[in-house]
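Chain naming here is simple, since letters A, B, ... match the order of the sequence lines and numbering starts at 1 in each.
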Amino acid sequence: MLNINNLHVQLEDEDKQILKGVDLTVEAGKVHAIMGPNGSGKSTLSYVLSGKGGYVVTEGTASLDGQDLLDLEAEERAAAGLFLAFQYPVEIPGVGNMTFLRTAVNAQRKARGEDEMSAAEFLKEVRATAKSLKIDADMLKRPVNVGFSGGEKKRNEILQMAMLSPKMCILDETDSGLDVDAMKLVAEGVNALRDGKRGFLVITHYQRLLDHIKPDVVHIMANGRIIKSGGPELALEVENNGYADILAEVE
Amino acid sequence: MALPDLKRTATEARLAELTMPVGGCLAEARRAALSRVQTMGLPGRRDEYWKYTRPETLVQSTAPKAAVFVHDEAPIFENFDCLKIVFVDGVFDVEASDNLELEGVQIDRLSDLVAQDIHWAKDLYGVLEARGQDPVSRPLAALNTAFADDGVAIRVTGKPSKPINLIYNHNAEESDGMLHHIIRVESGAEATVLENGPAAARFNKCSEIDIADGGALHMICAQGRDHERRAATHLFARLGKDSVFKCFTLTVNGVLTRNETVVELLGDDAIVHVAGACVGDGDFHHDDTVFITHVGENCESRQVFKKVLRNGATGVFQGKILVKASAQKTDGYQISQALMLDDDSQFLAKPELEIYADDVACSHGSTSGAIDEEALFYLQSRGVPHKDATNLLTLAFLAEAVDEIGNPDIVETIVSRLESWLIRRL
């Protein structure tokens, strides 16, 4: 479903190459995890896929269900079924959480030629989903992420993911800044969306998250490339030994 | 001290074209105002408080032409049950207006004061405007006091059940309207005044507002979407003990708008909130000049001004808080912000604080900046197209000013209008 081929990316402003040939395929219904040392390009990969400015693709391709992603605007990629749960969700004062969610849901439906969700339908679904993520009604009324704790921001990302129903979800260090209970809650939210058709790319530093969101494949990324791929045991290996051995293997 | 030649000539030229309306009980006040104009001279580019806004088109003898805007929607306050008072090009429209009868309030036309000697009106007309001439002169307001043809005299004695809606329609391309309003809110009384419309090709409005102890007045003004019109509005307010005055102005488009608000918090524990939101494109020029003086103790003042500028539009803010030595425990807040949607727009801000009391909390802030790229990308990454995301963030930016309006129904009306105007690019 998600196909990344020999992707080379550099920064727009500086002459710095960040991704140096990333190859990755995530099939429908599968969960792939990416781990790797800081600065390896994990977040850059997620930004480039979602269409953030400031990056230049110098070589390679990325496609979703055969559709060239890199040719689309950020909002078009979202409508095509891509979703990025940010590591640091931004606060947007003055834009109500509900308003934002409804606008996003309907914008995507419109782009796909579907009918908009009725207000009643939307309210019902939001309330149910929010409840399961322990997001109280009060939080829904507040401006997007304003005054939210780290855990609340991450749960808000999962709420959006649930409401937007994407095909391919990229979770960029969703567990960072979360305590054990909050992390479990987020993991439950993600698992509730695993329907055998939806694909997930989970970027994380800690094996702990992968105890709850069990991956099918684990990749190790270093220096702008995926250097090793394996099963869930690869994550345990990293947890126990660190990256030194794996990096040494590649050299 | 004699006026410099250029000023004197300009002032005389303007005065030559004007005829003082028959005065009745206001005659003396009008003559005194004329004298003030002759002493101060009409504004020129060299005057400190006209540094950022060129006054020539407001001073010249004839009003520059302004095409009449074709309205494609209902008037903004149409859905509110109000007592409507309609002016067309500055002339009272008796057919379109309601009967000036409402419980809890006395409404007279200024022109009625010629025939009748209404004491409260006579004691107020030109008084607050004269007070407001020190330390900064506001000659266009004095010109208005001297020559305004009409206006309303509103005396609020109770709590009228509906708002009073002053509607200013523009019908003639070269109309030059001058209206003077006086509003007196008696002790414990409360009213809401809504104003909307461009009024004329060139409009000079002066409102004098006197709020007695415990009185409250809410004013919401929507200046209209007409672009070619020019307007200079002046508001002078005097607040008694425990009184409340909240005033909000919405402007969208307009080649020249200069809104001056001068407030004196005379009694203790008084509250004034002055706010404005504007959106402008191209040769849009919008100037908010605010001057709030704290005299009484424990008074609260707020100035919240937000401007959205695009394609070379210009926004100006000159806001002053003066805290006199007697005004201990003052709480003064001022914020002026501009959202520049491109590199060509200009925001000129001059915040001023002059504080003589030592136990006060005063803050002033001014920022200008572009749309937050991160927030924009966040919205886009969720599928919201760039233009819609920009509008959402623009509305969010203006929200702080719009929220200053106490009434949630009016807030909703203003927000939904703004939304539809932004979508249609005004």
Under-4.0 Å salt bridge between [X] and [Y]:
X         : Y         : value
Lys307(B) : Asp288(B) : yes
Arg302(B) : Glu404(B) : yes
Lys154(A) : Glu173(A) : no

Check whether more than 12 heavy atoms from other residues, nucleotides or ligands sit under 6.0 Å from atom CD of Glu412(B), and answer yes or no. no
Answer with side chain, backbone, both or neither: which region of [X] has an atom nearer than 4.5 Å to a non-hydrogen atom of chain B?
X         : value
Val144(A) : side chain
Pro89(A)  : both
Asn145(A) : side chain

Should the ring pair His286(B) and Phe284(B) be called parallel, tilted or perpendicular, given that the plane angle runs from 0 to 90° and is split at 30 and 60? parallel
Please identify which of these residues, Tyr47(A), Phe86(A), Tyr88(A), meets the ring-ring contact (aromatic ring centres under 6.0 Å, His included) condition with Tyr378(B). Phe86(A)
Please determine, among [options], the option with the most heavy-atom pairs under 4.5 Å with chain B.
options                        : value
Ser50(A), Ala79(A), Pro166(A)  : Ser50(A)
Arg77(A), Glu75(A), Lys52(A)   : Glu75(A)
Met161(A), Glu91(A), Gln108(A) : Gln108(A)
Gly51(A), Ala80(A), Ala111(A)  : Gly51(A)

Do you know which of Gln380(B), Glu400(B), Arg382(B) has the most heavy-atom pairs with chain A at a distance under 4.5 angstrom? Arg382(B)
For the interface with chain A, which of Ala389(B), Pro385(B), Ala399(B) has the highest count of heavy-atom pairs at distances below 4.5 Å? Pro385(B)
Go through the side-chain N and O atoms of His364(B) and Gln303(B) and say whether any donor and acceptor fall under 3.5 Å apart. no
